[in-house]
Asks: 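What follows is a single structure, and I will ask about it in a moment.
Predicted model, so just to flag it, every value in this text is computed and none were measured. Lettering follows sequence order; numbering is per chain, from 1.
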Amino acid sequence: MAALSQRLLGTPAGTLNLDPEELLSRTLEADGRPIILLYDEADVYCTSNDAGTNVGRALFNSLEAARRDLAPRVALLAAGGLALFGLRESLGSNFVSRAAWIPMEPLRRSEMEALAAPLFVRDPVLGPTVIDGLSVMSGRNAALTTYGLQCLWNDQGNPPTIDAIVDAYSAFSDRYPGFARDFWKSLNDPSLSNVPLDVWRSIVRHTGPVPRESLLTAISGRNPIAMNLDDALRMLEAAGLIEVNGPRGADPLAVSPQQSILALQFLSERSGSAEFSVRLSADLVVLLEHIQSLGADYYRPSTGIVQESVFSATLTIGLRQLGWDVEREAIRAAGRTDLRIRSPGKDDTGIVEVKIWGRNDYQRIHEQVCSYWSADVSCGFAVTFSAAPPDRWLETYKAECLSATSIDTTRSPKPLVLAGQLAASSHLPEGRAVKIEHLLVRIPRRDH
Amino acid sequence: MALPEHGPQTELAEKREEFCWVIPWGTTLLKSLEADGVQLTHAHPTAKDHIWLLRLRLPSEIQDAFGTAPEVLLLVVRGAVQARDLERARAELYRAEYRLDLDLLVVSDDQPQLADRLHRMPGRWGQWVPWPGSREAMMSLPDMFREHLPTFDIFEEKNPVRGRGVIGREEEIADLTSRIENAESIGVFGLRKVGKTSVVRAVTDALDPVSASMSMRAQTAEGQSQQAAVRVLACWLDVQRAYDRSARRLYSTLAAEIEKRLSAHGMTIPSPPTDDLQRIDDLIRLTMEKTALPLCIVLDEYDFLFEGSQGQPPIANIAAFLRLLRGWAQQTQRLCVVVIGRDPTPFQSPEVDGFPNPMLGWFVTRWLGPLAPQRANELLSRLGKRVGLDIGSVTLELALSLTGGHPLLHRQFGSSLLEHTNDRPLNSSHLNTDVLCKAAALDFHERGAVREICHEILHLLRTRFQASYDSLVHAARTSPIEALHHASWSSPAVVQLRNFGLFLGSAAKSASIPLVLTVYVRTFERRPSRSSRHRNSNRRGWHR
């Protein structure tokens, strides 16, 4: 405003103590045209400094008082991140109470395709799988989507593939460490008493509409703060972590979590077991449970469930974020296994094969894992996804996928969250006994 | 230049003739008005003769049908209307001492697509009705009203309203007017958006039309506003303008506002001393010496004098400021201070800044609650007419149960009703709302502004009036009767809720709370923890 004052009124640069309303009023008199004040990155000013002063609140309330007095010739717009929610205070914020809140919603698929249009021109065979991969990795967040497209565009020597997307988003945290940190910092602000994250976890734990009681229980008994369930939902929507699909007053609430690399970063606690296969199994199950609960992003009403490669890409990113070394489509003895996983600095190796129920050679999944089992492999996993599995899917799965060979089937003793989970043992051609863990994941169907 | 009063009819006839000469469709326009019984009372060109401002007196049937004021302003431009022309017209509206409808402007020019051009113009402040000019034939003005008035959501107003926009507060305005004229100092308290600023503005606008014009920037480069009968010199300050909460900024900003008002009254302002509090003292002295009028200082958002964000302490030396004002008030009986806010606690504290509280025994407290039922009905009905809605009795009853008469919430309900009529054909007759009010009520709960108000109310109670919060939430989750078993009708917690208009009714047995709050609490407010429930149950026997 000092610059505006100097430019329009000729006041000296040091005249910073001019009252905002006075400055705006004089500017209107001098120039006559309406004034629009745009504050970008306004959230920077909406947290308290060390002295406990919230500069943004006071400034915006003062500007709002000026705007009100000078309306309609002055307009005020503040753009910023989640910390803008910090504008409220116990006396109420004039600015907040009068402002129209316009959340920047995630991109629609059509918008993502429009953004990716230059890639399609350059590589006409670019398939929908790439867009699917971009969608689940970015959560259709504009910045993350642009990042992914930029990486694909810059990699001009190679056509855009799901592998390239995996590589791009695997490197994202290293390239932009501040992005995720700032993102979660806003949601983790001490003044919020973990309310947004606990509401989000409650949503993630449910498949389908969430009973309101669950959400209210998630925020019960906290210290008095400025955030209730309505606030938490708004904040999570603004963060792109959830999508509310119906009236906010509904019970149960039609709310679905949104998949992205940001959501993957907040998986629940990992197993502390020292044994490689136990640890990998636990982490894989955590990841699959996460995909299952956020899974509506993996379903398209027009084309059905996404390709296997999109799921294996998500598993790759998720396992890497959990600290594993993951190689995609690694060539093994009999061909390409989807994932080859190692613990950094260790020799133990696990392999994962991903199938879509009903597609391609899904019935041969067990044999395929056996065929990829080389000397360094100590555990194998067969993961099958479906958006429309048959009734009694586990029994059908055993009959179709595990009955053709001499396989011992024993149920996992763990409590079941996934659609199905069991361990099947068999012998390799050379006689070695192997046990493969079979995991079934049901993807919910939802219109976008 | 303001529209002069036309005494002799010959002067008006001359203006009519001049108008028809300059504006090619002028004759057709005037004939159309006459056909609808609309009377031309004034006509005057602006500094540019191709831009005219006409005052029209509407017949009672048009006033009743559309809820307008008796007179409306018509802006006629030969060529394409510009944004500055609309600004000029707005200034004219406020100069004319509120006889004109402040929220309505009819605009006529002869260029294509007038409606689209108006729609795209910045700074919209009310209902703009396009009336395309044509030499051959023009649509009737009532038809233009019918087509275009519903396209502007007149309910959606979050700023303080002025003039005829202040609906249903006649008793409060009369009471405050009398007190301020007698230089009584008053604290006006209530929830956000209940209309406190609008009511006090209505009072000071009536007592000091010059301050009204100044506040609405009604003077333009073309001339000065007319002097009207000033009974009080009114100065306003929104305390939030002192954004750094320094005494220096508070005093200097207030002093500047007092200076402006005194200058407008023709006083010569001496050179300011370096000390801003001294400056205020000098300005008050000047007022007392140079005029017999009372001086009224209005401090809006006064709560920020005593607390900033995150519990910051009062503005430094605020007690000295208040003592200064009180001293002048007591000595001269011609200075009054009106404070507007939400929390009267500072009034009751025995000390401020370590000194005896100067506000004790000085201010009269006035609570502004929701509108009385018949006033709330009047608000909805009158605004409904403006947008082509015939507000039915079922709708009125539903609205009252939802909002309790809170003005902004009532407006939001009206806006929700209007949204549900967006599919009706243009130029259709008034639509009875009883068939769609229930659907509108469902959407009402979903509106962002409604949730924001509910959030603010509960947050204010939760952080400043915990016992009141507990009572309200208990009432929302069970019933007001049940809640009043644990906190009596005359307990401080419930009295606070009654002052805010959140517990409605004249006695405990007929107590109610606005349904919107009941729904909001049940939907979004967290459950009390087991420990707090146990604590509360120990105190009051409440457990859920």
Asks: Within a 6.0 Å radius of atom CD1 on A/Ile36, are there more than 12 heavy atoms belonging to other residues, nucleotides or ligands?
Replies: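 No, CD1 of A/Ile36 has 12 or fewer neighbouring heavy atoms, counting only those of other groups under 6.0 Å.
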Asks: What do you reckon, is CD1 of A/Ile102 surrounded by more than 12 foreign heavy atoms closer than 6.0 Å?
Replies: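 Not more than 12 within 6.0 Å, no.
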Asks: Any chance you could measure A/Asp19, atom CG, to B/Ser252, atom OG, to the nearest 0.5 Å?
Replies: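 The OG atom of B/Ser252 is 7.5 Å from CG of A/Asp19, to the nearest 0.5 Å.
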Asks: Where on A/Ala99 is there a heavy atom nearer than 4.5 Å to chain B: the side chain, the backbone, both, or neither?
Replies: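 Only the backbone of A/Ala99 comes within 4.5 Å of chain B.
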Asks: Kindly say whether A/Ala58 contributes a backbone atom to a donor-acceptor pair with the side chain of B/Gln240 at under 3.5 angstrom?
Replies: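 The answer is no, because no donor-acceptor pair under 3.5 Å joins these two groups.
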Asks: With rounding to the nearest 0.5 Å, note down the distance linking OG in A/Ser62 to CZ in B/Arg249.
Replies: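 If we round to the nearest 0.5 Å, A/Ser62:OG and B/Arg249:CZ are 8.0 Å apart.
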Asks: Would a distance-only check, ignoring hydrogens and angles, find a side-chain to backbone donor-acceptor pair under 3.5 Å from B/Arg526 to A/Leu216?
Replies: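 No; judged by distance alone, with no hydrogens or angles, the pair does not exist.
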Asks: With rounding to the nearest 0.5 angstrom, report the CZ to OG1 distance, A/Arg248 to B/Thr523.
Replies: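 These two atoms lie 12.0 Å from each other.
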Asks: Would you mind checking which part of B/Glu525 comes under 4.5 Å of any heavy atom in chain A, side chain (CB onward), backbone (N, CA, C, O), both or neither?
Replies: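 The answer is both parts of B/Glu525.
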Asks: Under the ring pair (Phe, Tyr, Trp, His ring centres under 6.0 Å) rule, collect the residues that match up with B/Tyr251, sequence neighbours excluded.
Replies: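 Applying ring pair (Phe, Tyr, Trp, His ring centres under 6.0 Å) to B/Tyr251 gives B/Phe321.
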Asks: Ion pair present between A/Asp231 and B/Arg451, side-chain N to carboxylate O less than 4.0 angstrom?
Replies: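 Salt bridge flag = no for B/Arg451 with A/Asp231.
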Asks: Distance from B/Glu456 atom CD to A/Ser97 atom OG, nearest 0.5 Å?
Replies: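 The OG atom of A/Ser97 is 5.0 Å from CD of B/Glu456, to the nearest 0.5 Å.
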Asks: Measuring heavy-atom distances to chain A, does B/Asp238 have an atom under 4.5 Å in its side chain, in its backbone, in both, or in neither?
Replies: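 The side chain, not the backbone.
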Asks: So which part of B/Asp300 gets closer than 4.5 Å to some heavy atom of chain A, the side chain, the backbone, both or neither?
Replies: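 For B/Asp300, the side chain is the part near chain A, not the backbone.
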Asks: Would you say CD of A/Glu105 has more than 12 non-hydrogen atoms from neighbouring residues, nucleotides or ligands within 6.0 angstrom?
Replies: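 At most 12 heavy atoms, drawn from other residues, nucleotides or ligands, come within 6.0 Å of this atom.
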Asks: How many angstroms lie between atom CZ of B/Phe524 and atom CZ of A/Arg212, to the nearest 0.5 angstrom?
Replies: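 Reported value, rounded in 0.5 Å steps: 5.5 Å.
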Asks: Mind checking whether A/Arg98 and B/Lys193 have side chains closer than 4.5 Å, heavy atoms only?
Replies: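 Contact flag for A/Arg98/B/Lys193 side chains = yes.
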Asks: Among the options B/Arg90, B/Arg124, B/His445, pick out the one with the most heavy-atom pairs lying under 4.5 Å from chain A.
Replies: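 Option with the top pair count is B/Arg90.
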Asks: So do A/Glu22 and B/Thr253 actually touch side chain to side chain, heavy atoms under 4.5 Å?
Replies: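 With C-beta onward as the side chain, the pair stays apart.
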Asks: Is it true that atom CE of A/Met104 has more than 12 heavy atoms of other residues, nucleotides or ligands lying nearer than 6.0 Å?
Replies: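 At most 12 heavy atoms, drawn from other residues, nucleotides or ligands, come within 6.0 Å of this atom.
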Asks: Apply salt bridge (Lys or Arg N to Asp or Glu O under 4.0 Å) to residues A/Arg234 and B/Glu452 and explain how you reach the verdict.
Replies: CA-CA 11 Å; A/Arg234 284 176 63 189; B/Glu452 189 66 40; 3.2 Å; yes
Asks: Taking side chain as everything from C-beta outward and backbone as N, CA, C, O, which of these in A/Ala66 sits under 4.5 Å from a heavy atom of chain B? Side chain, backbone, both or neither.
Replies: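 No part of A/Ala66 comes within 4.5 Å of chain B.
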Asks: B/Glu257: which residues meet the salt bridge (charged side-chain N to carboxylate O under 4.0 Å, His left out) condition with it, sequence neighbours left out?
Replies: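 Salt bridge (charged side-chain N to carboxylate O under 4.0 Å, His left out) check on B/Glu257 returns B/Arg241, B/Lys260.
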Asks: So A/Asp69 and B/Trp236, side-chain contact (heavy atoms from CB on, under 4.5 Å) or not? Walk me through it.
Replies: CA-CA 11 Å; A/Asp69 288 345; B/Trp236 276 74; over 6 Å; no
Asks: side-chain contact (heavy atoms from CB on, under 4.5 Å), that's the test. Do A/Asn94 and B/Arg192 meet it? Break it down for me.
Replies: CA-CA 9 Å; A/Asn94 270 332; B/Arg192 184 178 288 280; 2.5 Å; yes
Asks: In terms of heavy-atom pairs under 4.5 Å, which option from A/Ala75, A/Gly249, A/Pro34 contacts chain B the most?
Replies: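 Highest number of heavy-atom pairs under 4.5 Å: A/Gly249.
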